[in-house]
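Have a look at the structure below, then the notes.
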Amino acid sequence: MSDMIIRNGELLTSEGTLERKDIRIKDGLIAEIGSELLNHGEKEWDANGQILSPGFVDLHVHLREPGGEKKETIETGTLAAAKGGFTTIAAMPNTRPVPDSPESMKQLMERIQEKAHVRVLPYAAITERQLGRDLTDFEALKREGAFAFTDDGVGVQTAGQMFEAMKKAAEIGKAVVAHCEDNSLIYGGAVHDGEFSRQSGIPGIPSICESVHIARDVLLAEAAGCHYHVCHISTKESVRVVRDAKKAGIMVTAEVTPHHLLLNEEDIPGDDAMFKMNPPLRSKEDQAALIEGLMDGTIDFIATDHAPHTAEEKAEGMRLAPFGIVGLETAFPLLYTNLVEKGECSLIQLIDWMTKKPAEAFNLPFGKMEIGMPADIVVLDLKKEARINPQEFLSKGKNTPFADWVCKGWPTATFFNGNPVWTEGRVNA
């Protein structure tokens with residue numbers, strides 16, 4: 001770890017204006033922010049007037065390791081995160097083995113320590129092997145480093161089990177993070193139960209599959225006194241439930257993905273599994289409700305749900321291919337180009353949804369550019385325009401519906417704990 005000064009960066013103020021500043025990094029922390037800082041023998045890195053933002057925070061990522069290394073590894077996934085400007089990510093537990101015991105969590109933490117290029121916060125499973133039967137030992141998993149608890153990929157099906165999980169989580173001050181899906185309402189669906197489903201004949205998943213689970217869970221969270229977090233919210237009914245729950249004082253937070261903000265079922269070109277994700281792309285009305293919910297604070301922050309799969313798997317078509325798309329390397333330019341440039345939100349709002357807001361929702365000491373904070377910094381070139389080329393991804397997964405989209409606002413360097421872990425054109429191991 002070397003001390004450094006980052007020169008000539010533009011920092012966003014709380015009012016959303018830009019100020020030219022230097023940042024002094026010492027022992028991996030931000031030591032000083034000012035103008036024309038004196039050099040005390042440090043290395044220097046010139047930002048050339050580009051934006052300096054806190055490193056992005058993504059609390060919903062699938063790294064696939066252990067067990068799914070053909071799709072992604074801790075190394076490739078965290079390199080993809082660094083390229084996308086993310087310095088803190090939370091890894092979902094649908095791996096093999098599942099981190100559902102102190103032993104498996106300890107082994108996962110050792111892999112992360114050895115292989116990760118950015119900060120990885122591992123989720124632990126709510127139930128053993130994510131089978132929805134027996135609850136895991138929450139307290140023991142917390143001791144080994146569990147960030148929060150989720151069975152992401154499958155919904156906890158019984159109210160009684162979810163209530164018991166929430167009570168356990170509340171006792172140890174951890175959140176329950178929920179993939180909200182009632183299995184009795186999936187109906188074998190692969191897309192949203194809407195116009196595209198009817199025209200294509202591909203079975204659809206109705207909106208109530210998600211929203212009724214959220215409605216159940218917010219009441220359970222109220223009774224348990226638990227922080228309850230909704231993964232990848234996708235329907236207007238779900239937004240309404242979360243909005244009402246927050247008004248009632250229930251401790252609920254929610255995230256939304258870039259793809260649900262930018263796409264809807266009308267954008268699906270046909271039987272193309274690059275557009276297959278869970279939850280599916282919903283209606284145009286749902287998309288509008290998600291944007292509105294993000295703007296009014298009902299939805300707290302943005303998370304990618306980065307879900308890499310092999311090309312062979314995604315070639316199987318909508319009915320058979322696995323759900324999921326990658327998102328770490330394209331999230332900011334996609335959102336900057338299609339929300340900020342089009343006047344849907346401001347730059348400071350977007351950066352807050354990707355930094356400060358997720359950190360605040362889970363009481364994490366990241367996502368801010370302040371003296372004494374970890375020197376997690378992403379450099380952003382808002383003028384750079386480039387076409388999304390999946391073959392250039394550092395992720396093993398190339399499965400994106402955004403191939404060939406032209407975007408502005410690309411990360412050009414990422415610093416983690418003061419070290420450059422990615423700079424444009426090369427990886428800094």
Any side-chain heavy atom of [X] sitting closer than 4.5 Å to one from [Y]?
X	Y	result
Gln161	Leu135	yes
Leu380	Pro411	yes
Pro99	Leu141	no
Val340	Cys345	yes
Glu385	Val406	yes
Trp45	Ile6	yes
Arg119	Asp376	yes
Pro280	Asn278	yes

Between the side chain of [X] and the main-chain N/O of [Y], is any donor-acceptor distance below 3.5 Å?
X	Y	value
Asn419	Val421	no
Ser104	Val98	yes
Ser283	Asp286	yes
Glu265	Glu195	yes
Lys396	Lys70	no
His213	Glu181	yes
Glu69	Gly67	yes
Lys408	Glu341	no
Lys276	Met318	yes
Thr337	Leu334	no

Side-chain donor-acceptor contact under 3.5 Å, [X] with [Y]:
X	Y	answer
Thr17	Glu15	no
Glu313	Asn399	no
Thr412	Gln50	yes
His179	Thr150	no
His60	Asp305	yes
Thr136	Asp100	no

Using a cut-off of 6.0 Å, state whether more than 12 heavy atoms not belonging to [X] lie near its atom [atom1].
X	atom1	value
Lys357	NZ	no
Lys368	NZ	no
Lys236	NZ	yes
Gln113	CD	no

[X] and [Y]: which non-hydrogen atoms are nearest, and at how many Å?
X	Y	answer
Leu185	Ile208	CD1-O, 3.8 Å
Ser211	Thr235	CB-OG1, 4.2 Å
Gly155	Gln157	O-NE2, 2.8 Å
Leu328	Gly77	CD1-O, 3.6 Å
Ala165	Phe138	O-CE2, 3.4 Å
Thr304	Pro258	CA-CD, 3.9 Å

Measure the [atom1]-[atom2] distance between [X] and [Y] for me, rounded to the nearest 0.5 Å.
X	Y	atom1	atom2	result
Leu262	Leu281	CG	CG	10.0 Å
Leu59	Phe86	CG	CZ	10.0 Å
Tyr123	Asp151	OH	CG	12.5 Å
Asp22	Asn8	CG	CG	6.0 Å
Thr355	Leu364	OG1	CG	12.0 Å
Thr400	Trp405	OG1	CH2	9.0 Å

Residues that Asp296 engages under salt bridge (charged side-chain N to carboxylate O under 4.0 Å, His left out), provided they are two or more places apart | Arg243
Mind running salt bridge (charged side-chain N to carboxylate O under 4.0 Å, His left out) on Asp46 and Arg7 for me, showing each step along the way?
-> CA-CA 5 Å; Asp46 194 342; Arg7 297 257 186 224; over 6 Å; no
Just grab all the ring pair (Phe, Tyr, Trp, His ring centres under 6.0 Å) pairs involving residues 258-277, residues at least two apart or on different chains.
-> none
Given the rule in the salt bridge (charged side-chain N to carboxylate O under 4.0 Å, His left out) test, do Lys168 and Glu171 qualify, once you have shown the distances and angles that lead to the verdict?
-> CA-CA 5 Å; Lys168 283 179 175 287; Glu171 287 174 3; over 6 Å; no
Could you check Ser234 against His192 for side-chain contact (heavy atoms from CB on, under 4.5 Å), going step by step and ending with a plain yes or no?
-> CA-CA 10 Å; Ser234 71; His192 173 59; over 6 Å; no
Report the C-alpha separation of Arg20 and Glu10 in whole Å, then their side-chain angles, then the decisive distance to 0.1 Å, and conclude whether the salt bridge (charged side-chain N to carboxylate O under 4.0 Å, His left out) test is met.
-> CA-CA 5 Å; Arg20 183 65 61 96; Glu10 295 285 338; 2.7 Å; yes
Whether His229 and Phe301 hold their rings parallel, tilted or perpendicular, with breakpoints at 30° and 60° | parallel
Parallel, tilted or perpendicular, as decided by the 30° and 60° cut-offs, for the rings of Phe362 and Phe147 = tilted
Thinking salt bridges, do Arg64 and Glu72 make one under a 4.0 Å N-O criterion?
-> no
Is Lys83 salt-bridged to Glu329, cutoff N-O under 4.0 Å?
-> yes
Verify side-chain contact (heavy atoms from CB on, under 4.5 Å) between Lys167 and Cys226, making sure each step is shown before the conclusion.
-> CA-CA 7 Å; Lys167 288 192 291 184; Cys226 174; over 6 Å; no
What's the verdict on side-chain contact (heavy atoms from CB on, under 4.5 Å) for Leu63 and Ile89, showing C-alpha distance, side-chain angles and the deciding distance?
-> CA-CA 10 Å; Leu63 294 180; Ile89 61 175; 4.1 Å; yes
Among Arg96, Arg111, Lys71, the one residue meeting salt bridge (charged side-chain N to carboxylate O under 4.0 Å, His left out) with Glu65 = Arg111
Residue pair Leu18, Leu12: steps toward the side-chain contact (heavy atoms from CB on, under 4.5 Å) verdict | CA-CA 5 Å; Leu18 292 170; Leu12 274 167; 3.6 Å; yes
